[in-house]
Every structure is written in structure tokens, then in C-alpha cells.
Amino acid sequence: MAIRKVGVVGCGLMGGGIAQTCAAAGLETVVREVSEEFLRKGMKRIDAFLQGGVDKGKLTAARKAETLGRLKGTTQAGDLADCDLVIEAVIENIAEKCKLFAELDAICKPSTILASNTSSLSIIEMAAATKRPGLVCGLHFFNPVPLMRLVEVVRTISTSEATLAEAHAFAKAIGKTAITAKDTPGFVVNLLLVPYLLDAIRALESGLATREDIDAGMTLGCGHPMGPLALLDFVGLDTTYYIANIMFDEFKEAKYAPPPLLKRMVLAGHYGKKSGKGFYDYAAKATKA
Ligand code: CAA
């Protein structure tokens, strides 16, 4: 694998998780945020996750220190210039992402692979903002990044064979299993996951069963680690609403149409875990009120 140094743009939940995973796998990693405040917050989250691993006996304090030692935080885009791979995990807004890709294209060395962690936006649109479309691909990670084993490698109609091979080698090097998907909204996982999550909301909305019984049905009946309503809270209702709308716009199929209850909850600010309330209540220490 030619990738020795990785850059990550955005140190939120996804970007921070990606940066942590790369550093833990032994790669020199630099993560960029727009402000010192966001960077501090992101680094704190990474530190807490690694400490959680130490507390659980999953890694030693020395491994934690080594990982943090390989991870550099910055607010300077120029620090990404000599990275072999840069993965962006900024806000899901196509205009912002295209602007960032054009900026990275101007800053990074000619051989740098540019990747997006988007879950639903068009990678080719981002590639078109650069002069290196053959070196652009999607690398879609799953939350929580350090624990979820999958990466979707997204290939556009312009992605080169060499870039695809490097992306797969990178995923393997950081301990993930990669699958390849075409550049269409939702790729493989969200194409199947989103209609399932929306159906769970429809089931609740129609009074089929309680939230607890819907979730117990899928955890105990199908062996899923979380029921669909708990997973919606975990992923974020706003995020799911956003992805569903993009998929509905593209495919015009009713199964991707966000149900009214989802829209109402998003309008009310009930985004799930991150806002303290979704299908369950997270405000109190005792969750799932
Ligand atoms: N460091 C290292 N290991 C840790 C850790 C840490 N800080 N925290 C937890 N772990 C380990 C645990 O030790 C445990 O390991 P073992 O299985 O070897 O015992 C494992 O991780 C699971 O942790 P927990 O037992 O503490 O937690 P859990 O069993 O409740 O699992 C979960 C938590 C992994 C989130 C699980 O509930 C799960 O897989 N949920 C589904 C998540 C999911 O579907 N994510 C994808 C969402 S969709 C998406 O992200 C894409 C998109 O575009 C929207």
C-alpha cells in the first residue's frame, strides 16, 4: 500500500472516528477542523473513546499513547498537503464538499487520493470540482467508526483502477472489511437500511406495536444489535431524514419517502441521542424512559 500518511477533514463523530482508527492502525494521521474549539472537542472525544478502551481492557495505556502520538490536530489546510490520502467528513452539503474538494485539489500533492465519507451525496460531483477525478472515490464508514467493521468503497465512473485498489488496501490496513459500491445515493448499506428504518417508523405511526416491541422484535427476532427505533436515535433522525430525502429525490420510490412522523420529529428538534430526545428519552441518566 502506498498510503503512509492520512489526512481527515472534520473531527466530528465520523471524522474523529476515522482519524482515530487510522492512527490506531499505525498510520501517521492529521485531522483538520475549522476552529481550535471544534478541534479540542473532537480530540477530547477521541481521548475519551480510547480511554474507554483502556478501561474495558481492550487496549493498553501505552497503545492509547502511541495512537495519540500518531494523531496530529490542525486548523491549517496546508498541513494536509503531503498526505497520501485525504478523507473528508464535513457537513453533508454538496456545495461545501465541492468547495473543499477544489481546495484540497489545489493544496495536496498530485498523487493524493481524495475521498468522501458522504453517505448519500454524489461523489462524481465532488470529483468534478477537482482536476484529478481518477484519484477521487468514496470511503463510507459506519458509526461508531472504531467498532464497525465495514467500509464502503465507492467507485465513480471516473475512479481509476489504481485508486480503487489503493482504497481497498487502505481499508484492509486499518482493519476494516471493504465492499465496493457504485456512486448512487445510499450505496449498498443505506439503500437497504433506510427503507427498513422508515418502515419501522410507519409501523409505529400506524399503531402496529409499541416502540419497545418493534425494537425487541428486531433485536430478539433477527439478532440485530439494536432495534430500528433505537438505531434511528443513534444515527440521528435529522440525518436519516436528510438521507431519505436525497434517495427519494433520486429514485422517486415511495419506500424512500420520509413518513410524516419522522418529519414532525425533526421539525420538533427530536433528533435522537444527540438532542436528548428521539423515539426514546436520553435527557435523564436512565435512558429509554
Ligand atoms: N474501545 C474499544 N472497544 C470498545 C469500546 C472502546 N471505547 N467501547 C466498546 N468496545 C467494544 C466492547 O468491548 C465490545 O467488544 P466485545 O464484543 O469484544 O465484547 C464491543 O465494542 C461492543 O461494545 P459494548 O458491549 O459496550 O456495546 P454494545 O454491545 O451495546 O454495542 C454498538 C454497541 C457497537 C454500537 C452496537 O449496538 C451496534 O453495533 N449497533 C448498531 C450500530 C449500527 O448499525 N451502526 C451503523 C449505523 S448506519 C451508519 O453509520 C451509516 C450512515 O450513513 C447513517
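Numbering of ligands and ligand atoms starts at 1, following listing order. Computed over heavy atoms, backbone and side chain alike; hydrogens, waters and symmetry mates excluded. Numbers here simply count residues along the sequence, with the first being 1.
Checked for salt-bridge contact, K274 and D233 miss the test: no charged N lies under 4.0 Å from a carboxylate O. A salt bridge links R155 with E161: the distance from a Lys NZ or Arg NE/NH1/NH2 to an Asp or Glu carboxylate oxygen falls below 4.0 Å. Contact check on D105 versus R132 returns a salt bridge, with a Lys/Arg side-chain nitrogen under 4.0 Å from an Asp/Glu carboxylate oxygen. Salt bridge annotation for D47-K44: absent, with no cationic side-chain nitrogen under 4.0 angstrom from a carboxylate oxygen.
Listed by atom number, the atoms of ligand 1 under 4.0 Å from S119 heavy atoms are 53 (O). Of all atoms in ligand 1, numbered sequentially from 1 with element shown, those under 4.0 Å from a heavy atom of P225 are 36 (C), 37 (O), 38 (C), 39 (O), 40 (N), 41 (C). Atoms of ligand 1 found under 4.0 Å from any heavy atom of G53, numbered from 1 in the order shown, are 1 (N), 2 (C), 6 (C), 7 (N). Ligand-side atoms of ligand 1 in range of F142: 49 (C), 50 (O), 51 (C), range being under 4.0 angstrom from any heavy atom. Less than 4.0 angstrom separates some heavy atom of V235 from each of these atoms of ligand 1: 47 (C), 48 (S), 54 (C).
The two residues I18 and A89 make their nearest non-hydrogen contact at CD1-CB, 4.4 Å. Among all heavy-atom pairs drawn from M148 and K176, the shortest one is O-NZ, 2.7 Å.
Using a 4.0 Å threshold on non-hydrogen atoms, atom 32 (C) of ligand 1 does not count as touching the protein. For atom 19 (O) of ligand 1, the nearest protein heavy atom lies under 4.0 Å away. Not a single protein heavy atom sits closer than 4.0 Å to atom 28 (P) of ligand 1. For atom 2 (C) of ligand 1, a protein heavy-atom neighbour is present inside the 4.0 Å cut-off. Distance check on atom 22 (C) of ligand 1: every protein heavy atom falls at or beyond the 4.0 Å cut-off. At least one protein heavy atom sits closer than 4.0 Å to atom 54 (C) of ligand 1.
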Run the salt bridge (Lys or Arg N to Asp or Glu O under 4.0 Å) test on K97 and E88 for me, step by step, so that the C-alpha distance in whole Å, both residues' side-chain angles and the decisive distance to 0.1 Å come before the verdict. CA-CA 8 Å; K97 289 196 192 268; E88 72 77 19; 2.9 Å; yes
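A side-chain N or O of Q51 and one of D55 form a donor-acceptor pair less than 3.5 Å apart.
Residue F49 places at least one N or O, backbone or side chain, under 3.5 Å from an N or O of ligand 1.
For the side chain to side chain contact (heavy atoms under 4.5 Å, CB included) with K64, the qualifying choice from L68, T67, T60 is L68, the only one to do so.
The protein heavy atom nearest to atom 50 (O) of ligand 1 is N143 N, 3.0 Å. The nearest protein atom to atom 44 (O) of ligand 1, hydrogens excluded, is given as L231 CD1, 3.5 Å; this is a heavy-atom distance. If you check which protein heavy atom lies closest to atom 12 (C) of ligand 1, you get K58 CE, 3.9 Å. Looking at atom 5 (C) of ligand 1, its nearest protein heavy atom turns out to be K56 CD, 3.9 Å. At the shortest separation from atom 10 (N) of ligand 1 among protein heavy atoms lies L147 CD2, 3.7 Å. Protein heavy atom at the shortest distance from atom 52 (C) of ligand 1 is N190 ND2, 3.6 Å.
Below 30°, between 30° and 60°, or above 60°: for H224 and Y196 the angle between ring planes is above 60°, a perpendicular geometry.
Not a single heavy atom of T239 sits less than 4.0 Å from an atom of ligand 1. H140 counts as a contact of ligand 1, since one of its heavy atoms falls under 4.0 Å from the ligand.
Aromatic pair Y280/H270: ring centres not closer than 6.0 Å.
Judged by distance alone, with hydrogens and angles left aside, the side-chain atoms of E152 form no donor-acceptor pair with the main-chain N or O of L139 at under 3.5 Å.
Atom NZ of K263 has 12 or fewer neighbouring heavy atoms from other residues, nucleotides or ligands inside a 6.0 Å radius.
Within the 4.0 Å heavy-atom criterion, the part of P144 lying near ligand 1 is the side chain and not the backbone.
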